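Beneath this line is the structure, given in structure tokens, with notes to follow.
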Amino acid sequence: MTSIVRDDDIRSGSPRIEGTRITVLDVKRRVVDNDEDPHVVAGEYGLSAGDIFYALSYYYDHRESFREREREAERRRREGERQTRERLGIAGPAESSEEAD
């Protein structure tokens, strides 16, 4: 039976298919976001179709927590970009459009 596991030392603790480094989000991005055939994805990962569908089921059962993690990652990315621009003395997107006026 397929299990979804988490380990902070593997893939930053993202839920993944046990015995692999393939995360639930890896599967979701390929099958749902990129509309790839789940059977093809399973073959490329060396998994059963059941493993792929189980990962997708896990995603849908925990969709809100995945969305929250994605929002937090986006917030951290934007904050890192802001800090980098600040350290380099580069205007941010809103500031540079104001300068163009």
Side-chain angles (χ1 to χ4, degrees):
M1 167 103 192
T2 301
S3 293
I4 303 298
V5 296
R6 297 176 87 159
D7 181 335
D8 289 338
D9 294 331
I10 301 172
R11 300 291 304 268
S12 300
S14 292
R16 63 184 173 80
I17 299 170
E18 186 174 28
T20 74
R21 295 181 55 82
I22 301 163
T23 68
V24 170
L25 283 179
D26 291 336
V27 173
K28 180 258 188 189
R29 287 175 180 140
R30 291 194 61 186
V31 175
V32 176
D33 298 344
N34 294 332
D35 200 28
E36 294 183 47
D37 185 300
H39 297 91
V40 171
V41 173
E44 289 178 1
Y45 283 147
L47 300 171
S48 71
D51 293 334
I52 297 298
F53 289 113
Y54 188 79
L56 290 171
S57 174
Y58 184 93
Y59 169 76
Y60 285 111
D61 286 346
H62 300 88
R63 185 175 15 200
E64 189 52 42
S65 65
F66 280 101
R67 287 180 179 158
E68 181 56 38
R69 285 180 69 144
E70 288 177 341
R71 283 189 292 265
E72 179 59 24
E74 178 64 16
R75 187 198 63 73
R76 285 192 313 266
R77 183 191 65 76
R78 277 194 233 117
E79 178 61 17
E81 288 177 349
R82 185 196 63 75
Q83 289 176 359
T84 298
R85 284 190 306 271
E86 187 177 280
R87 288 184 180 139
L88 296 175
I90 300 171
E95 297 169 48
S96 52
S97 64
E98 291 174 9
E99 291 173 4
D101 291 336

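Just so you know, these numbers come straight off a predicted model, no measurement behind them. Count residues from 1 along the sequence.
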Original post:
Any side-chain heavy atom of I22 within less than 4.5 Å of one from D51?
Top reply: no
Compile the donor-acceptor pairs under 3.5 Å between side chains in residues 58-67 and protein atoms, sequence neighbours left out, one pair per line.
unit_1, atom_1, unit_2, atom_2, d
H62, ND1, Y58, O, 2.9
E64, OE2, R71, NH2, 2.7
S65, OG, H62, O, 2.8

Subject >> R21 backbone acceptor or donor facing R16 side chain under 3.5 Å >> reply: no
**OP:** Could you tell me which residues satisfy salt bridge (charged side-chain N to carboxylate O under 4.0 Å, His left out) with D33, sequence neighbours excluded, listed by chain and number?
**Re:** K28
Original post:
Taking atom CD of E81 and atom CD1 of I90, what is their separation to the nearest 0.5 Å?
Top reply: 11.0 Å
Original post:
Would a distance-only check, ignoring hydrogens and angles, find a side-chain to backbone donor-acceptor pair under 3.5 Å from R6 to G13?
Top reply: yes
Original post:
Listed by chain and number, what are the side chain to side chain contact (heavy atoms under 4.5 Å, CB included) partners of A73, not counting sequence neighbours?
Top reply: R76
Original post:
Who pairs with R75 by salt bridge (charged side-chain N to carboxylate O under 4.0 Å, His left out), at least two apart in sequence or on another chain?
Top reply: E72
Subject >> Residues forming a salt bridge (charged side-chain N to carboxylate O under 4.0 Å, His left out) with R69, sequence neighbours excluded >> reply: none
Original post:
Are any of the side-chain nitrogens in R77 or E74 under 4.0 Å away from the carboxylate oxygens of its partner?
Top reply: yes
Original post:
For N34, what residues pass the side chain to side chain contact (heavy atoms under 4.5 Å, CB included) criterion, not counting sequence neighbours?
Top reply: E36
**OP:** Might you point out which heavy atoms bring A55 and I4 nearest each other, and give the distance in Å?
**Re:** CA-CD1, 4.2 Å
**OP:** Just grab all the ring-ring contact (aromatic ring centres under 6.0 Å, His included) pairs involving residues 9-41, residues at least two apart or on different chains.
**Re:** H39-F53
**OP:** Indicate if V32 and I17 have the same hydrophobic cluster label, given that clusters are the connected sets of ILVMFWY residues with side-chain heavy-atom separations under 4.5 angstrom.
**Re:** yes
Subject >> T23: partners by side chain to side chain donor-acceptor pair (under 3.5 Å), with sequence neighbours left out >> reply: D26
**OP:** Tell me, please, which residues at least two apart from D7 pass side chain to side chain donor-acceptor pair (under 3.5 Å).
**Re:** none
**OP:** Not counting sequence neighbours, which residues clear side chain to side chain donor-acceptor pair (under 3.5 Å) with E44? List them please.
**Re:** R30
Original post:
In Å and rounded to the nearest 0.5 Å, what is the CG to OG distance from D8 to S14?
Top reply: 10.0 Å
Original post:
Partners of R82 by side chain to side chain donor-acceptor pair (under 3.5 Å), sequence neighbours excluded?
Top reply: E79, E86
